[in-house]
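Just so you know, these numbers come straight off a predicted model, no measurement behind them. A, B, ... follow the sequence lines: proteins, then strands. Residue 1 opens every chain.
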Amino acid sequence: MPGYNPSQIEKKWQRFWADQKSFATDAADTWGGGARPKYYVLDMFPYPSGQGLHVGHPEGYTATDIIARYKRAKGFNVMHPMGWDAFGLPAEQYAIKNNVHPRETTANNVNRFRTQLQSLGFSYDWDREVDTTDPHYYKWTQWIFLKLYRTWFDEKLQKGRPIHELIEEFKSGKRAAPGGREWDSLIATERRKVLAEYRLAYEAEVPVNWCPGLGTVLANEEVIDGKSEVGGFPVERRPMRQWMLRITAYAKRLLDGLGQLDWSDSLKEMQRNWIGESEGAEVEFEVSSFPPPEFQVSRNPELETRNLTVFTTRPDTLFGATYMVVAPEHPLMHSGLPEAWEAGIMEKWKYGKASPREAVAAYRQWAASRSDRQRQEDTQKTGVFSGIYAINPVNQKRIPIFVSDYVLMGYGTGAIMAVPGHDERDHEFATKFKLPIVQVVGEKLGEKPEARSQKPVDVRQAAFVEDGVAVNSAWIEGLPTAEAKKKITGMLEERGIGKRMVNYKIRDWLFSRQRYWGEPFPLVHLADGTTVSLVDSELPLKLPELEDFKPTGTIEPPLSKAKDWVNVHVLLERVVENGEEMARVVPAGTSGAVPARRELNTMPQWAGSCWYYIRYLDSKNDKAFVDPAIEKYWLGAPHGNAGPGGGGGVDLYIGGVEHAVLHLLYSRFWHKVLFDRELATSNEPFKRLVNQGLILGEAEFTLFKTREHKPISYEMVDPNVTVDGSLIMSKHKETGEDLIGERVDPADAEKKGDSFVLKSNPSIRVDARSFKMSKSRGNVVNPDDVIKEYGADSLRMFEMFMGPLEQVKPWSTAGVEGVYRFLQRVWRNIFDENDNAKVGGGGQDEATTRALHRLIKKIGDDIERLSFNTAIAAMMEFNNLLAKAPSISVETAMTFARILEPFAPHFAEEVHAKLGGSGSISKQSWPTFDPAMLIDATIEVPVQVNGKLRSRITLPSNADEQAAIAAALADPEVQKYLAGKELKKKIYVRGRMVNLVI
RNA sequence: GCCCGAGUGGCGGAAUGGCAGACGCUAAGGACUUAAAAUCCUUUUUCGCGCAAGCGAAGUGCGGGUUCGACUCCCGCCUCGGGCACCA
């Protein structure tokens, strides 16, 4: 069968590219010569799931492929690699269920993914492929982890520094060792404990979701209403020893670094919110003498010496603090609370408990049992009075201290001063517990008085949270909020009871999992309870082979089953590098060896993806995670860029938005540590980042019916539509009756006014929308099927033609056919019905040549700004022109194929070859255009009268203003509108427009 | 509740202060064909007038503003999408 036939040509060219290594990044060019500029274009590597590729993958991957192919043609040395993020929970769960080793399922999935990606014709350099589960790869993940472990954060320099420099500071006395002791007088165990406090990787007891029924820890997302999502087993919050990474130390730099990045505003905003910087002050409150003299219980002198420190963003409201609240986990609540209620005044806060001590203990227990989800759902304020007081430092008032779970231990100091007059949460609490509410901020009446309400602010009704001026506030009376904050903070600093403080919402990163399928930590635990890292030569520390890798049913991770692997002997004394102590595993009985246990947790899935973009650069290097010169060439800051490491990194990174505050934040963190440790030469990993929009299923029309199958017009349907699998449900707006949605054939729906109705019954409105693709809805499009039917080039082109890359957009099978037809039309413009070239027969008219030059410019511009949909539209327009052209030159056909190549590479190669071109068309450089060819001799210019289009005139393209206006005035159509009127203004925008104002 | 982003034909979208609706889809009509598919041609923002080529008016979520000129910029609202959510 003659004609364009993708199934015949695509495999052929894929084999050709693979055989020729057409897209290998030239390693020799990577360093030294520097003749070609480099361009690094990166995809978020996929998690190779058992489902195979979905149509979302080719969206971003085609976009980067177009850029990669275009940049190569423009003479860049392009890095465009692919790999697999293959550690993780789904592989392990699948393995447990089917009793196969996750290594096997992972290998199968990777092979399937690679085949699928290759069938799309992406121009990856497959020799650089990485797999996070390959020991050759995770050796270096572990190595980087050790770098983090051997790094501490110098607050003064805002920089990560090697641990041995910390040891030197201790030794030299520049930094005081704890307890005022000499560093050299500390024994090894003590030293390890001191250093552990500083490391970027540290162990801590943190509350986790522990599910005894499943024998594992669950992520917050996996817990619903206090029960496990899978199996419905109860989940408890319990503290467990976990590895943490000190990302909080880098909060400020992660925040500030966003400024120099070419990322979307929304994504930067998400990271900003996640890091959550707030400026304010820390204020110390004295804990009041308690009990008062007349109260006959024993005093607690220890408690009285304690201070209660709070963080506030509104120090200006200090005069309005009428009580305090601490989190249930706050150390002040641990002991020393009164054993009896204060006489008389405490009646309303007794809660049926004999003493504050009992009441607080009961409350703490209750609060601990609440899951995060329960807290989120029920935001009713709860709490108990602790029986003790604090003294407000500005007015010496004695104010009660409450315990409540609306204050979180993890943020600030875990304690607040409550200002119910000016904070909504405090107001709600104060109202419930009948605590005093006073106003200390008033409305600023100076500006825009008309905008202020006539009623004065009544803080007893509702908190006034805006800025204003201080009132009832003694020596800051009348000051605007901003100045009041400054003055009061200054005063607190002078008196030594407070200081300016910046706080961050971000928490340290919980970095360990009780899983089998992840990177083992290269650490051992010693008998004295301390931890030592392995020497680098012990890497990779391979996952032990386990027949049974299921969770143990206890809090022990699965690796505990590998008994021989767990218990080892190590040498310490003779393995010290720059003062940093390390462990080398030796046979038992070796002189000087001590027994140790390996760390049993594994790293989370994010570990491998934190640095894979670096490994691609030098993926086979077994001496280093990357050759420094190669790293500098691809990721280093271009010369002359402001600031150390500024402006370097991956040139373009495209991927989904779901990693906004996970992978994209974690990698930035790791990269900054690598930068500080002089292992990376840029301070940010991804200079420019674009998120491709989600592809939804094809638009569906839904008709809602009652249980009795009576159709309900959509205006009677509650707009809150819920989707459960393939079931679409809602409720009747008035009766509340359950309604079930039924699919309607799109051909039976038509638009009427603002909504869609049934053609067969226009009085019934139907719901029209697109849903996220999901297996249960049955609206998933499989790329393999599309390729089989229309070819990879059509799939690629359609996904680029759907709309702007970053936008959410619905799938359309008819749309795929549209671009498929386009490629066929191009083919028929070049080849006759026997597939012989029909171009080159005669001369080519100038209009076609000019159009070609315009096309070259347009496509270049559009690719640069990632506007692929308009680029394709322009190619379609050009092709429509070719269909009408009397004859086409071979050069024009070749150039057109060259321009098509980034989008439809197989098609372009075939055209190129059939027209007599040799080798791969991808090796041809990008066509250039002649600027002179963009300018036509004459131009058509619209003429407006009073801003309304009235006529068009033809002008020589070099016409000046005078000539243009004269021509416009001479136009008979225009004269009709000007007759007898006086011209007030004449405007000519060169080449664009004439506007006459009368 | 707070923070981002977006609202243009039947649908996806184009137009970066200068001709609104490029390009594609859908639909309708026509050509070719014994027929169908494929292909090609025409029409397809709305309303009014006209047998007709055509003519006129309105129109980019709503209300205002800036400008010779606004889908585009500014102010105020509405709706939808996304993120965060007791963060003091």
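Summarising the geometry, the separation between CH2 on A/Trp274 and P on B/G82 is reported as 18 Å, rounded to the nearest angstrom. Atom-to-atom, CG of A/Asn5 to P of B/A38 comes out at 17 Å; the value is rounded to the nearest Å. In this structure, the CE atom of A/Met797 is 16 Å from the P atom of B/C23, given to the nearest Å. Per the geometry, CZ belonging to A/Phe798 stands 14 Å off C1' belonging to B/C23, to the nearest Å. Spacing between atom CG of A/Leu949 and atom P of B/A57 amounts to 11 Å, rounded to whole angstrom units. Atom-to-atom, CD of A/Glu877 to C1' of B/A14 comes out at 10 Å; the value is rounded to the nearest Å. Across the protein-nucleic acid pair, A/Tyr4 atom OH and B/U39 atom P stand 14 Å apart, rounded to whole Å. Look at CD1 on A/Ile872: it is 14 Å from C1' on B/A14, rounded to the nearest Å.
For A/Thr870, counting side-chain heavy atoms from C-beta on, the closest listed nucleotide (B/G13, B/A88, B/A15) is B/A15. Closest to the side chain of A/Ala814, out of B/G13, B/U26, B/A88, is B/U26. Taking every side-chain heavy atom of A/Asp405 into account, B/C86 is the closest of B/C86, B/A15, B/C84.
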Begin from the C-alpha positions of A/Lys838 and A/Glu833 and carry the test salt bridge (charged side-chain N to carboxylate O under 4.0 Å, His left out) through to its verdict.
CA-CA 10 Å; A/Lys838 65 178 194 184; A/Glu833 52 279 11; over 6 Å; no
Could I get a table of every N or O pair under 3.5 Å where one atom is in the protein and the other is in nucleotides 52-56 of chain B?
none

Under 3.5 Å, which N/O atoms of the protein pair with N/O atoms of nucleotides 66-71 of chain B?
unit_1: B/C68; atom_1: OP1; unit_2: A/Lys985; atom_2: NZ; d: 3.2
unit_1: B/C68; atom_1: O2'; unit_2: A/Asn995; atom_2: ND2; d: 3.3
unit_1: B/C68; atom_1: O2; unit_2: A/Asn995; atom_2: ND2; d: 2.5

Within the sub-3.5 Å range, which N or O atoms of nucleotides 40-47 of chain B have a protein N or O partner, and how far apart are they?
unit_1: B/C40; atom_1: OP1; unit_2: A/Arg828; atom_2: NH2; d: 3.3

Do any N or O atoms of the protein come closer than 3.5 Å to N or O atoms of nucleotides 2-5 of chain B, and which pairs are they?
unit_1: B/C3; atom_1: O2'; unit_2: A/Glu269; atom_2: OE2; d: 3.3

Reading 5' to 3' and counting Watson-Crick or G-U wobble pairs with both distances under 3.5 Å, write the dot-bracket notation for RNA chain B, | for bases paired outside the strand.
(((((((..(((.....[....))).(((((.......))))).(((((....)))))..(((((..]....))))))))))))....
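When atom types are taken as modelled, the side chain of A/Lys809 and the backbone of A/Gln807 share a donor-acceptor pair closer than 3.5 angstrom.
Using a 4.0 Å heavy-atom criterion, one finds that A/Asp426 contacts no nucleic acid atom at all. Backbone-only contact: A/Gly818 has heavy atoms under 4.0 Å from sugar-phosphate atoms and none from a base. A/Ser278 comes within 4.0 angstrom of the backbone, heavy atoms only, and of no base. Note on A/Lys986: nothing from the nucleic acid sits closer than 4.0 angstrom, heavy atoms only. Among the protein residues, A/Glu428 comes within range of no part of the nucleic acid, since none of its heavy atoms lies under 4.0 Å from any strand.
Looking at A/Glu329 and A/Arg364, no side-chain N of the basic residue comes within less than 4.0 Å of a carboxylate O on the acidic one, giving no salt bridge. Using a cut-off of 4.0 Å between Lys/Arg side-chain N and Asp/Glu carboxylate O, A/Glu279 and A/Arg500 are scored as salt-bridged. Under 4.0 Å is where a charged nitrogen must lie from a carboxylate oxygen, and between A/Lys381 and A/Glu428 at least one such pair does.
Partners of A/Leu949 under the side-chain contact (heavy atoms from CB on, under 4.5 Å) rule, at least two apart in sequence or in another chain, are A/Pro942, A/Arg952. In this view, A/Asp262 and A/Arg688 satisfy the side-chain contact (heavy atoms from CB on, under 4.5 Å) rule, not counting sequence neighbours.
Checked against the 6.0 Å centroid threshold, A/Phe801 and A/Phe868 do not count as a close aromatic pair.
If A/Ile506 and A/Val994 are placed on RNA chain B by their nearest nucleotide, the residue sitting closer to the 5' end is A/Val994. Checking A/Glu424 against A/Glu817, the closest nucleotide of RNA chain B that is more toward the 5' end is the one next to A/Glu424.
Nucleotides B/C62 and B/C80 place their C1' atoms 15 Å apart, quoted to the nearest Å. Remark: the separation of the C1' atoms in B/G13 and B/A6 is 14 Å, to the nearest Å.
For B/G9, the O4'-C1' to base torsion is within 90° of 0; the nucleotide is therefore syn.
Using a 4.0 Å cutoff on non-hydrogen atoms, the parts of residues 412-422 of chain A near RNA chain B are A/Ile416, ordered by number. Of the residues in residues 861-869 of chain A, those placing a heavy atom less than 4.0 Å from an atom of RNA chain B are A/Arg865, A/Asn869, in numerical order.
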Tell me which donor-acceptor pairs under 3.5 Å the side chains of residues 815-822 of chain A have, and how far apart each pair is, sequence neighbours excluded?
unit_1: A/Glu817; atom_1: OE2; unit_2: A/Tyr790; atom_2: OH; d: 3.0

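In this structure, A/Asn880 reaches the B/G24 phosphate: one of its side-chain N or O atoms is under 4.0 Å from OP1 or OP2.
Of all heavy-atom pairs between A/Arg507 and A/Thr248, the closest is C-CG2, 3.6 Å.
Within the structure, salt bridge (charged side-chain N to carboxylate O under 4.0 Å, His left out) contacts touching residues 863-884 of chain A (residues at least two apart or in different chains) are A/Lys71-A/Glu864, A/Asp862-A/Arg865. Note on residues 689-701 of chain A: pairs passing salt bridge (charged side-chain N to carboxylate O under 4.0 Å, His left out), not counting sequence neighbours, are A/Glu700-A/Arg743, A/Glu700-A/Arg777.
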